[in-house]
Amino acid sequence: DLEVLVGPQGRLPTPKKVPAAALNFPENPTVRYFLEKPIEGDPTKLGRGICRGGICECLYPYRGELCQTEDTPRVEQKVKAAIHYITAETEHDLRDLERSLTTLWTCYNSRYDYPVIIFHEGLSDKSRLRLVEASGNRIWFAFLDNFVQMPPQWKKAADESAKGFAIGYRAMIRWRSGPCFREPALGRFDYAMTLDTDSYFPNEVAQDPFSMLAESDGWVAAFPHLGRESASVVVNFMHYYLLYCRLHGLNPRRTDMQQQLTEKNYKWYQQCLMLDIEILRLDFFRGPKYQDFFNFMDSTGGFWLHRWGNNPFRTFAVALLLEDQQVRSFNMPYAHQDFCSCGAAAPPCELEKGAKTYVCPEAAASKGTIGVENLAEGLLDLQPFRGTQRQIERMQRESLETFVAEQYPVEE
């Protein structure tokens, strides 16, 4: 048994080992019946565990060989929330995930103890234990059966049109677009934070983004990272989006978000929510309106044929189906590949060239606050530079001079 005491600054110590968290067991006769039988009085109608592909795993908050014990939070929690990843069993992904889990714990979750769900296509006992021991997070694993099974009607065309992207990657971004929200492993939560295996936190997260959503005036989603998608992986996306709007009598430019995404002639500059991180209220994403839009777009085969991702899909789903005041952009301490922020009031990140990771200077250490920004304005700022007053005011002088020099080169 693990005895845990709350340390200074309200932090939890990092346990050395929690073997129960790494446990899975084979599906033997009657096990599925007892694990998946709904618990009396549980509104989710879930059981204590789930069996898929011949293995059984416990659902939160249960542990043990038959999921017979509860692993309760070590600090008081006011929000039913979870943090979740999806990973493959490759050394690259496991190494990235170890770093992500470590920074998640030290910079944020050591004060809140939210459960971490790791979805996977199959992990060895060694890899499970490795991830459990990487940090103090309480971890549950969730196996995805038949995850990469492509519908046969798309296979031949998809092998040719999107052959530069692995089937597993296309399956993952499709799953994250819709099916993930109805996974039993997330069924007991009201809120969820999505992270990529190579997401990490370069600075202390001074506030709790889950509590900010829960205590807000109706916020449904917050997105800390905005960017642009490649035109080559959104082929026909806009055409089907407009068709869905026409079929359902929806105005494709109703909200400010939609107007910043699409011009009056329905030109889209591929601005997107970058979903290596997102904080969501799950009832909307599980709900019929969101899932109907996903089912329509999925029926076109675009996720398989053209490598549509969860980035463009979620961007247009949120803009189409929610109100502007229900969605926010968060400026919080967070890093992913070439993106980094030390927080709203903090100085910029610094790149450690040797390690190829971002760090925050000492001056940022006490300023990892979360800034709340208008998402529609963030999408507007990603449009091509046209010299508008807003763009000039928000662009750094050096960047503006570089842009002008590129457009009007001086002949020597």
Side-chain angles (χ1 to χ4, degrees), residues 20-21 23-73 76-86 112-122 137-147 149 171 174-194 210-211 213-214 218 220-221 278-295 298 310 314 317 321-322:
L23 182 67
N24 74 90
F25 42 94
E27 182 182 352
N28 292 315
T30 75
V31 170
R32 177 190 295 266
Y33 172 80
F34 287 106
L35 288 187
E36 297 186 0
K37 184 177 181 180
I39 297 173
E40 186 175 351
D42 188 333
T44 66
K45 299 182 179 180
L46 291 170
R48 293 176 286 119
I50 187 169
C51 298
R52 287 175 169 175
I55 67 169
C56 300
E57 296 171 316
C58 297
L59 296 174
Y60 175 84
Y62 296 98
R63 301 279 198 201
E65 293 184 1
L66 289 174
C67 308
Q68 72 276 25
T69 60
E70 288 192 44
D71 185 349
T72 56
E76 182 182 0
Q77 292 180 347
K78 298 179 180 179
V79 182
K80 294 180 181 179
I83 300 154
H84 66 98
Y85 299 84
I86 180 172
Y112 301 100
D113 200 29
Y114 291 119
V116 174
I117 315 297
I118 299 179
F119 293 97
H120 63 97
E121 305 168 60
N137 294 294
R138 293 182 303 137
I139 290 175
W140 278 259
F141 293 96
F143 177 61
L144 299 172
D145 196 17
N146 298 320
F147 178 65
Q149 188 171 1
R174 174 194 171 273
W175 175 82
R176 272 191 166 178
S177 296
C180 72
F181 299 117
R182 294 188 169 181
E183 287 290 340
L186 294 178
R188 290 192 168 101
F189 303 105
D190 298 328
Y191 296 85
M193 178 189 294
T194 306
F210 288 129
S211 295
L213 250 67
V220 173
E278 57 185 345
I279 304 98
L280 308 176
R281 199 182 78 196
L282 292 173
D283 60 341
F284 167 75
F285 296 94
R286 293 177 182 135
K289 289 185 178 180
Y290 180 90
Q291 291 292 327
D292 184 74
F293 183 40
F294 169 76
N295 289 336
D298 189 37
N310 49 326
R314 190 99 77 250
L321 302 173
L322 291 174

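Because the structure is a prediction, the values reported are computed rather than measured. FYI, side chains are in, hydrogens and waters are out, and symmetry mates aren't considered; it's all heavy atoms of this structure.
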Over all atoms of both residues, closest heavy-atom pair of [X] and [Y]:
{"X": "P184", "Y": "L46", "answer": "O-CD1, 3.6 Å"}
{"X": "L35", "Y": "C51", "answer": "CD1-SG, 4.1 Å"}
{"X": "L280", "Y": "A221", "answer": "CD2-CB, 3.6 Å"}
{"X": "F25", "Y": "L66", "answer": "CZ-CA, 4.4 Å"}

According to side-chain contact (heavy atoms from CB on, under 4.5 Å), who are the partners of [X], at least two apart in sequence or on a separate chain?
{"X": "D292", "value": "Y244, H248"}
{"X": "R176", "value": "I86, M172, T194, D196, N310"}
{"X": "N28", "value": "P26, V31"}

Could you work out, with ring pair (Phe, Tyr, Trp, His ring centres under 6.0 Å) as the rule, every residue matching F141, not counting sequence neighbours?
none

Partners passing side chain to side chain donor-acceptor pair (under 3.5 Å) against [X] (at least two apart in sequence or in another chain):
{"X": "Y290", "answer": "R314"}
{"X": "N295", "answer": "none"}
{"X": "Y60", "answer": "none"}

How many angstroms lie between [atom1] in [X] and [atom2] in [Y], if you round to the nearest 0.5 Å?
{"X": "E70", "Y": "R63", "atom1": "CD", "atom2": "CZ", "answer": "11.5 Å"}
{"X": "I117", "Y": "C180", "atom1": "CD1", "atom2": "SG", "answer": "12.5 Å"}
{"X": "I83", "Y": "I118", "atom1": "CD1", "atom2": "CD1", "answer": "11.0 Å"}
{"X": "E121", "Y": "L144", "atom1": "CD", "atom2": "CG", "answer": "7.5 Å"}
{"X": "C58", "Y": "I50", "atom1": "SG", "atom2": "CD1", "answer": "11.5 Å"}

Whether Q291 side chain and F285 backbone form a donor-acceptor pair below 3.5 Å:
yes

With a 4.5 Å cut-off on side-chain heavy atoms, are [Y] and [X] touching?
{"X": "L282", "Y": "F181", "result": "yes"}
{"X": "F284", "Y": "L321", "result": "yes"}
{"X": "C67", "Y": "F34", "result": "no"}
{"X": "Y191", "Y": "K80", "result": "no"}
{"X": "I139", "Y": "Y85", "result": "no"}
{"X": "Y114", "Y": "V79", "result": "yes"}
{"X": "F143", "Y": "H120", "result": "yes"}

Walk me through whether Y62 and Q68 qualify under side chain to side chain contact (heavy atoms under 4.5 Å, CB included).
CA-CA 6 Å; Y62 296 98; Q68 72 276 25; over 6 Å; no

Looking at residues at least two apart in the chain, or sitting in another chain, which of them share a salt bridge (Lys or Arg N to Asp or Glu O under 4.0 Å) with [X]?
{"X": "R32", "result": "E27, E36"}
{"X": "D42", "result": "R188"}
{"X": "R138", "result": "D71, D113"}
{"X": "R286", "result": "none"}

Should F119 and F147 be marked as a side chain to side chain contact (heavy atoms under 4.5 Å, CB included) after you check the CA-CA gap, both sets of side-chain angles, and the distance that decides it?
CA-CA 11 Å; F119 293 97; F147 178 65; over 6 Å; no

Applied to residues 45-57, the salt bridge (Lys or Arg N to Asp or Glu O under 4.0 Å) test, sequence neighbours excluded, yields R52-E183, E57-R128

Checking Y112 against K78 for the side chain to side chain contact (heavy atoms under 4.5 Å, CB included) test, could you report, in this order, the C-alpha distance in whole Å, the side-chain angles of both residues, the deciding distance, and whether it holds?
CA-CA 10 Å; Y112 301 100; K78 298 179 180 179; over 6 Å; no

Please check if atom CD in E65 has more than 12 non-hydrogen atoms from other residues, nucleotides or ligands closer than 6.0 Å.
no

